[in-house]
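When a residue number appears, it is its place in the shown sequence, counting from 1.
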Amino acid sequence: MRGLFLLLSFVGASCAGIPAWAQTPAETPLASLPYTPGLDVSAMDKSADPCVDFYRFACGGWMKNNPIPPDESRWSVYGKMARENQRFLWGILDGLAKGSAGRSAAQQKIGDYFAACMDEAAVERSGGRPLRPYLDRISGMKSKRDLPAVLAGLHLATGHGGAFFGFGSNQDYADATQVIAFAGAGGLGLPDRDFYTKDDAKSKELLARYAAHVARMFGLLGDPPGAARREAAKVMEIETKLARASLTRTQRRDPYRLFHKTDAAGLRALTPGFDWDAYLKTAGLPGLNAFNVTEPDFFKELDRQWQSLSLSGIKTYLRWHAAHATAPFLSSAFVNEDFDFFGKTLYGVPELRPRWKRCVALVDAQMGEALGEEYVSRAFSAELKRKTLHMTQQIEQAMRDELVGLDWMSAATKEKALEKLRAIVNKIGYPDKWRDYGPLKIERNDFFGNAARASLFESRRRLAKIGKPLDRGEWGMTPPTVNAYYNAHMNDINFAAGVLQPPLYDPKMDDAPNYGNTGGTIGHELTHGFDDEGRHFDARGNLKDWWTEKDAREFNDRAQCIVDQYAQYTIVDDIRINSRLTEGEDIADLGGLVLAWLAWKAETAGAGSERRDGFTPEQRFFVGYAQWACEHHRPEDLRARALTDAHSPGKYRVNGLVVNMPEFERAFSCKAGQPMVRENRCRVW
């Protein structure tokens with residue numbers, strides 16, 4: 001994934017420091033919003049030597065002129081573009097919320113949802129009352145035998161899947177044409193198990209502040225201070241044990257560690273104290289007999305927890321997770337407490353996002369294809385789709401040529417690699433068939449109910465896939481999203497319409513920066529099919545070893561070069577990149593830039609070398625590439641992402657690549673010994 005998903009959280013800001021044009025909704029063409037060119041000379045710092053620090057040369061001006069907004073933990077070209085997209089969506093939703101005449105059924109739903117979300121006075125009047133049915137069901141448990149049904153109900157209703165474990169659907173790793181049930185590790189309130197297991201001073205301080213937050217949330221539920229502290233301690237005890245039983249993010253990059261197919265009897269054997277029949281019946285899946293248990297050892301620990309915990313301890317834990325999952329949809333007391341820890345403390349964000357941003361993000365998250373259809377009709381043309389597809393095909397041809405010419409891969413493995421490349425499906429802009437939200441009930445005066453019903457709708461939609469053939473037309477990202485991704489199980493690359501806008505793709509620009517930027521993104525996603533994780537899946541998306549032993553060894557040796565390189569880079573303080581976690585993204589970054597260069601050269605063969613803005617086409621290619629990655633972070637954000645983010649910081653996604661490109665050295669006339677010239681270059685693809 002080239003960029004990062006924007007988290008659906010109520011983390012964010014007032015309008016302080018935001019230009020006037022961005023403070024009101026406006027349903028105007030995206031083209032009328034402030035234009036940033038695909039190569040922005042003002043974003044550069046020409047006082048920097050590109051052969052010493054190319055990232056500063058390409059992005060120094062951008063970082064100086066784009067301070068992090070008070071409602072963000074980090075700021076980037078992607079983030080800025082996403083905010084402009086979000087304001088455009090605000091205009092669409094504001095218009096649909098105000099007028100009822102002539103609205104389609106889908107337009108009415110997203111308009112009424114947005115109106116209910118924006119009615120802050122009504123939300124304040126409701127306080128924490130909407131949470132009461134969840135809490136009543138938990139308090140009504142008579143014994144541990146009630147846990148499976150109560151837990152299934154919570155998983156369905158909150159769409160959270162965070163209490164004790166996660167349960168959903170996914171493709172069968174052994175037969176990607178079929179969808180089966182997945183039971184996975186979960187149960188944590190913090191973003192990753194490492195937050196619980198690290199024992200340095202900052203980690204211990206963060207855990208203490210998390211426990212204090214949990215206690216304050218119990219206080220909002222009406223518990224006395226002493227009881228709230230004891231309850232928070234119980235939550236910490238349970239979550240810490242579950243964290244220690246979970247795989248690390250780096251371990252989870254190995255798909256073989258996550259594939260443990262079993263039947264109902266095997267599932268019951270892992271957790272003999274849990275009535276799966278009762279859970280599945282409540283989930284609407286009686287009689288299910290095929291499961292993938294991603295982490296069997298985790299479920300063994302979970303069973304020990306269920307056996308040792310008292311009923312009171314289980315209720316305490318479930319009450320916390322019910323409150324945690326629904327806090328963003330309750331009154332300001334809950335929203336502010338949730339933000340105070342998960343925004344301010346964890347990521348260093350000074351201010352809460354204004355309500356309109358939160359409501360736009362929520363509509364996009366819960367009814368994203370209905371909103372996406374509105375976005376696409378206004379912001380994405382057939383011509384743009386055609387141009388992007390042409391560039392994709394050019395880059396796939398470059399990958400084909402590279403595979404054929406590889407001197408380290410055997411003919412047998414090359415044949416399988418080429419078969420996989422031919423089978424990749426390119427999805428550009430938006431789905432061919434829009435999702436039907438007809439069964440979802442939306443009421444204009446019931447924000448919490450809308451959010452809960454939308455979560456239930458999505459939970460049931462996902463679970464309904466189990467036992468049915470795969471829908472290969474489905475997307476995992478909404479059209480307005482500023483991002484792209486590769487899906488190894490589907491063997492497809494997906495470019496949301498939101499990422500194909502200036503400055504990331506600029507139709508006013510020459511080919512050089514466009515191939516550097518969007519071409520690099522396409523190459524990045526394509527390379528994911530052949531990175532350390534994606535290479536384990538075949539042309540049909542099955543987990544299958546199609547490599548000879550020698551070729552696998554050759555690949556690993558080349559990948560290790562990248563791992564060793566990135567392990568030397570410091571993120572913040574004395575924290576270095578966990579290059580085993582970022583390995584796939586680092587491989588994809590380098591492979592993507594190589595492929596984009598080759599495709600650009602093929603596309604512009606015979607063209608002149610006219611300078612623009614004082615730069616040669618080759619220099620414009622590299623600057624165009626680098627400027628997608630212009631960004632800066634708050635220190636808290638960098639510390640959190642060091643544990644959770646599979647992407648290296650933007651500086652190294654630029655400098656870490658160009659040191660491996662002799663084409664860059666020639667383009668900027670760099671000399672041996674300069675920082676942007678690496679003697680032992682890495683190259684996988």
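- Looking only at distances, no side-chain donor or acceptor of T158 sits under 3.5 Å from a matching main-chain atom of T326.
- Separation of atoms CD1 (I238) and CG (L188) is listed at 11.5 Å; rounding is to 0.5 Å.
- Counting only residues at least two apart or in different chains, salt bridge (Lys or Arg N to Asp or Glu O under 4.0 Å) contacts with residues 476-488 are absent.
- Classification of R319 and E231 as a salt-bridged pair holds, one side-chain N sitting under 4.0 Å from a carboxylate O.
- Annotation for R358 and R353: closest pair NE-O, 2.8 Å, computed over non-hydrogen atoms.
- Without hydrogens or angle criteria, Y113 side chain to L362 main chain gives no donor-acceptor distance under 3.5 Å.
- Considering every non-hydrogen atom in both T644 and P191, the closest pair reads CG2-CB, 4.1 Å.
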Audit row: Y210, L190, side chain to side chain contact (heavy atoms under 4.5 Å, CB included) steps and yes/no: CA-CA 8 Å; Y210 173 59; L190 288 168; 3.8 Å; yes

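- Of all the heavy atoms in L131 and A322, the pair that sits closest is CD1-O, 3.8 Å.
- A salt bridge links E443 with K441: the distance from a Lys NZ or Arg NE/NH1/NH2 to an Asp or Glu carboxylate oxygen falls below 4.0 Å.
- Between K465 and E474, at least one side-chain nitrogen of the basic residue sits less than 4.0 Å from a carboxylate oxygen of the acidic one, meeting the salt-bridge criterion.
- Using a cutoff of 4.0 Å between basic side-chain nitrogens and carboxylate oxygens, R461 and E458 are scored as salt-bridged.
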Step-by-step side chain to side chain donor-acceptor pair (under 3.5 Å) determination, H155 to Y279: CA-CA 10 Å; H155 283 175; Y279 179 91; 2.8 Å; yes

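- Shown here are the salt bridge (Lys or Arg N to Asp or Glu O under 4.0 Å) partners of D446, two or more places apart in sequence or in another chain: R453.
- In terms of heavy atoms, I428 sits closest to F380 at CG2-CZ, 4.1 Å.
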CA sep, side-chain torsions, deciding dist, call: L220, M217, side chain to side chain contact (heavy atoms under 4.5 Å, CB included): CA-CA 5 Å; L220 291 177; M217 287 291 282; 4.1 Å; yes

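- Considering only heavy atoms from C-beta on, L280 comes within 4.5 Å of F167 through its side chain.
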Intermediate values then yes/no, side chain to side chain contact (heavy atoms under 4.5 Å, CB included), R137 and V150: CA-CA 7 Å; R137 189 161 189 203; V150 170; 4.1 Å; yes

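- Side chain of R87 to backbone of A82: no donor-acceptor contact under 3.5 angstrom is found.
- Residue L543 holds its CG atom at 5.0 Å from CZ of F537, rounded to the nearest 0.5 Å.
- A donor-acceptor contact shorter than 3.5 Å links the side chain of D303 to the backbone of G273.
- Between Y430 and W434, the angle of the ring planes stays under 30°, which puts this pair in the parallel group of the 30/60° scheme.
- Annotation for D136: atom CG counts as buried by contact number, over 12 foreign heavy atoms lying within 6.0 Å.
- Every residue meeting the salt bridge (Lys or Arg N to Asp or Glu O under 4.0 Å) condition with K241, not counting sequence neighbours, appears here in chain and number order: E237.
- Rounding to the nearest 0.5 angstrom, the gap separating the CG atom in L247 from the OG1 atom in T294 is 7.5 Å.
- N170 places no side-chain N or O within donor-acceptor distance of the main-chain N or O of I180, the cut-off being under 3.5 Å.
- With respect to D492 and R472, no salt bridge is recorded, no charged nitrogen being found less than 4.0 Å from a carboxylate O.
- A cation-pi geometry, defined here as NZ or CZ lying under 6.0 Å from the six-membered ring centre and within 45° of its normal, does not hold between K427 and Y485.
- Not a single salt bridge (Lys or Arg N to Asp or Glu O under 4.0 Å) links D254 to another residue, sequence neighbours left out.
- Considering only heavy atoms from C-beta on, R355 comes within 4.5 Å of V123 through its side chain.
- Contact annotation: the side chain of M81 approaches that of L504 to within less than 4.5 Å [non-hydrogen atoms, C-beta and beyond].
- Listed by first and then second residue, the salt bridge (Lys or Arg N to Asp or Glu O under 4.0 Å) pairs that reach into residues 278-296 are R252-E295, sequence neighbours excluded.
- Across all their heavy atoms, L156 and R460 have their closest contact at CD1-NH2, 3.8 Å.
- Distance check, rounded to the nearest 0.5 Å: CZ of R257 to CG of D297 gives 10.0 Å.
- Of all heavy-atom pairs spanning A176 and H489, the tightest one is CB-O, 3.9 Å.
- Among the candidates F182, W276, F298, the single residue satisfying the ring-ring contact (aromatic ring centres under 6.0 Å, His included) test with F165 is W276.
- Between F164 and W306, the ring center distance clears the sub-6.0 Å criterion.
- With hydrogens and angles ignored, the 3.5 Å screen pairs a side-chain donor or acceptor of E369 with a backbone N or O of R435.
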Derivation and outcome, salt bridge (Lys or Arg N to Asp or Glu O under 4.0 Å), residues D112 and R103: CA-CA 11 Å; D112 287 354; R103 293 189 302 178; 3.3 Å; yes

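- Remark: R249 engages D192 in a salt bridge, criterion side-chain N to carboxylate O under 4.0 Å.
- Separating the CD1 atom in I138 from the OH atom in Y317 is a distance of 11.0 Å, to the nearest 0.5 Å.
- Between D175 and T177, the side chains place a donor N or O and an acceptor N or O closer than 3.5 Å (distance only, hydrogens not considered).
- Proximity of a side-chain donor or acceptor of T271 to a complementary backbone N or O of F274 within less than 3.5 Å is not detected.
- Residue R145 qualifies as open at atom CZ: its count of foreign heavy atoms under 6.0 Å is 12 or below.
- With hydrogens and angles disregarded, no donor-acceptor distance shorter than 3.5 Å links the side chain of D94 to the backbone of W90.
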Criterion side chain to side chain contact (heavy atoms under 4.5 Å, CB included) on M118 and F447, from CA distance to verdict: CA-CA 9 Å; M118 289 296 290; F447 169 50; over 6 Å; no

Residue pair T478, D364: steps toward the side chain to side chain donor-acceptor pair (under 3.5 Å) verdict: CA-CA 7 Å; T478 66; D364 186 41; 2.8 Å; yes

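- In this structure, the separation between CG on L318 and OG on S139 is 11.0 Å, given to the nearest 0.5 Å.
- Under a 4.0 Å N-O distance rule, the pair D71/K357 qualifies as a salt bridge.
- Looking at residues two or more places apart in sequence or on another chain, you find no ring-ring contact (aromatic ring centres under 6.0 Å, His included) involving H260.
- Using a distance-only test at 3.5 Å, with no hydrogens or angles considered, no donor-acceptor pair links the side chain of S246 to the main chain of A185.
- A donor-acceptor pair under 3.5 Å links the side-chain atoms of Q107 to the main chain of S104, judged by distance alone.
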